[in-house]
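Contents: one structure, followed by commentary.
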Amino acid sequence: MSFKTTGSSASGSIGRLPKSTSRARITAIGSYVPERILTNADLERMVDTSDEWIVQRTGIRERRICAPDQFTSDLCIAAVKDLLARYPVSLDDLDLIIVATHTAELACPSAACLVQGHFGFPRAGALDINATCAGFVYALHLANGMITAGLHRKILIVGADALSKTTDYTDRTTCILFGDGAGAVLVERDDERPGFVAYHGGSDGTGAIHLYRTILSSRLQGRELKADGTVVQNGREVYKFAVTTVPAGVEALLRQTGLTAGDIDRFIPHSANLRILESVCERTGITMDRTLHTIERFGNTSAATIPLALDRGVREGQLKDGDTVLMYGFGGGLVHAGLLWRWSSFDK
Ligand code: UT7
């Protein structure tokens, strides 16, 4: 499948985007990764692998790993602290906290409640959502919908995962991939400069067996699963899902909006594997130089990869006012979700 780039230059979409009915804008961002670095050399000492194999097959060079007493809610809190330190926003009137994660340390209360409890946001509701590596995009889609519908004005989203807590470090097919981190964004009502442009997503529950982690039950689709609470993945199947579903989703978004691949200023796909990113770029016609990711230094951080890459773009000045940003998440479920978003600088 190949979608050719036609027409305009990288910043050529400004003024061409369909009129948005959305009322939501991202107004602040923060992120956090733990201090401890796990390098490919470290992994060479743990399992039968090599730096060369890992870099060639995944592009990953190192990842960040939580301290023993550090969990997903701690990552979330640190990311929100970073947001508050960098942007002069008051969250006293925050309506809702959504944490996108599948590695919350407790089944109950949610990570979002632990965030609320830490900061004491007086009137915020709190909930976690689990859409694995597509969780941040789904959370942004939900927040946009609630704000646009007039239900809320201010929503805090955190995409966070502590995958080191759920990784089997004797399984070389998974332990080389995963790292820990969190990214937070504030989404606020803005009638003048809304960000949301278009959404496309879907799921294929028949592929559940290709990526799972057990909690209470060890049966899935009639099969008895590995039930030690660590992630199990059929990498080849998930790879195939990603490199077919994401390009098709990108094409659907472009069709919906009348844009071309050349109109996408910044592409932020879920950073699962650099080879997947390259394949998606080749199939969609979005050039790699427009892609923002954190795969080399942070590995696959699941729900955190997209906000970490967004924040990288903000910190490095790689996101300009009016840029058309395409975020696309995919992962266990199997699920996928993409959002076209018009970026607004925070200083306006
Ligand atoms: O974020 C959630 C979504 N997840 C993903 O998107 C992950 C998608 N999948 C992938 O990224 C890739 O499939 C992997 C990186 C997980 C694996 O790469 P691959 O190129 O698909 O390798 P493979 O599974 O086809 O395995 C090729 C060979 C096998 O050996 P044989 O059977 O050919 O002898 C594996 O046993 O590589 C072997 N292998 C390794 N060798 C050295 C698997 N893992 C390793 C390793 N080091 N870490």
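In each ligand, atom 1 is the first atom listed, and ligand 1 is the first ligand listed.
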Which of the atoms of ligand 1 are close to [X], meaning less than 4.0 Å from one of its heavy atoms?
{"X": "H270", "answer": "1 (O), 2 (C)"}
{"X": "T58", "answer": "15 (C)"}
{"X": "V238", "answer": "3 (C), 4 (N), 5 (C), 6 (O)"}
{"X": "I176", "answer": "48 (N)"}

Option from T103, T166, T305, L75 for which side-chain contact (heavy atoms from CB on, under 4.5 Å) with D161 holds: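 Among T103, T166, T305, L75, the one meeting side-chain contact (heavy atoms from CB on, under 4.5 Å) with D161 is T103.
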Quick one: does [X]'s side chain have a donor or acceptor within less than 3.5 Å of a partner on [Y]'s backbone?
{"X": "T101", "Y": "A160", "result": "yes"}
{"X": "T324", "Y": "I264", "result": "no"}
{"X": "T257", "Y": "L254", "result": "yes"}
{"X": "K165", "Y": "P68", "result": "yes"}
{"X": "D51", "Y": "A41", "result": "no"}
{"X": "Y169", "Y": "I176", "result": "no"}
{"X": "Q70", "Y": "A67", "result": "yes"}

Between [X] and ligand 1, which residue portion shows a heavy-atom distance shorter than 4.0 Å: side chain, backbone, both, or neither?
{"X": "N300", "answer": "side chain"}
{"X": "R275", "answer": "neither"}
{"X": "A242", "answer": "neither"}
{"X": "I276", "answer": "side chain"}

Parallel, tilted or perpendicular: which one describes the rings of W343 and F346, with boundaries at 30° and 60°?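 The rings of W343 and F346 sit tilted, inter-plane angle from 30° to 60°.
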Name the orientation class of the two ring planes belonging to H336 and H200 (parallel below 30°, tilted from 30 to 60°, perpendicular beyond 60°).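 Rings of H336 and H200: tilted, as their planes differ by 30° to 60°.
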Only heavy atoms count here, so choose which of R172, K240, R57, E237 is nearest to atom 20 (O) of ligand 1. R57
Looking only at non-hydrogen atoms, which of C133, A272, G332, G331 approaches atom 6 (O) of ligand 1 most closely?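 Checking each option, the heavy atom nearest atom 6 (O) of ligand 1 is found in A272.
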What do you reckon, does S50 have a nitrogen or oxygen under 3.5 Å from a nitrogen or oxygen of ligand 1? no
Would a search of protein heavy atoms around [atom] find one under 4.0 Å away?
{"atom": "atom 23 (P) of ligand 1", "result": "yes"}
{"atom": "atom 34 (O) of ligand 1", "result": "no"}
{"atom": "atom 31 (P) of ligand 1", "result": "no"}
{"atom": "atom 27 (C) of ligand 1", "result": "yes"}

Nearest protein heavy-atom contact for [atom]: which residue, which atom, what distance?
{"atom": "atom 4 (N) of ligand 1", "value": "Q233 OE1, 2.9 Å"}
{"atom": "atom 47 (N) of ligand 1", "value": "T49 OG1, 2.7 Å"}
{"atom": "atom 9 (N) of ligand 1", "value": "G235 O, 3.0 Å"}
{"atom": "atom 39 (N) of ligand 1", "value": "W53 CZ2, 3.4 Å"}
{"atom": "atom 21 (O) of ligand 1", "value": "R236 CG, 3.9 Å"}
{"atom": "atom 10 (C) of ligand 1", "value": "N273 ND2, 3.6 Å"}

Residues 82-94 vs salt bridge (charged side-chain N to carboxylate O under 4.0 Å, His left out), sequence neighbours excluded, gives D82-R86, D82-R315, R86-D311, D93-K154
Min heavy-atom dist F330 to ligand 1 below 4.0 Å: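 Contact present.
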Heavy-atom contact check, 4.0 Å cutoff: does S302 meet ligand 1?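 Contact absent.
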Do H102 and T132 have a side chain donor and acceptor closer than 3.5 Å? no
Salt bridge (charged side-chain N to carboxylate O under 4.0 Å, His left out) filter on R23, not counting sequence neighbours, yields D191
Any salt bridge between R36 and D180, counting N to O under 4.0 Å? no
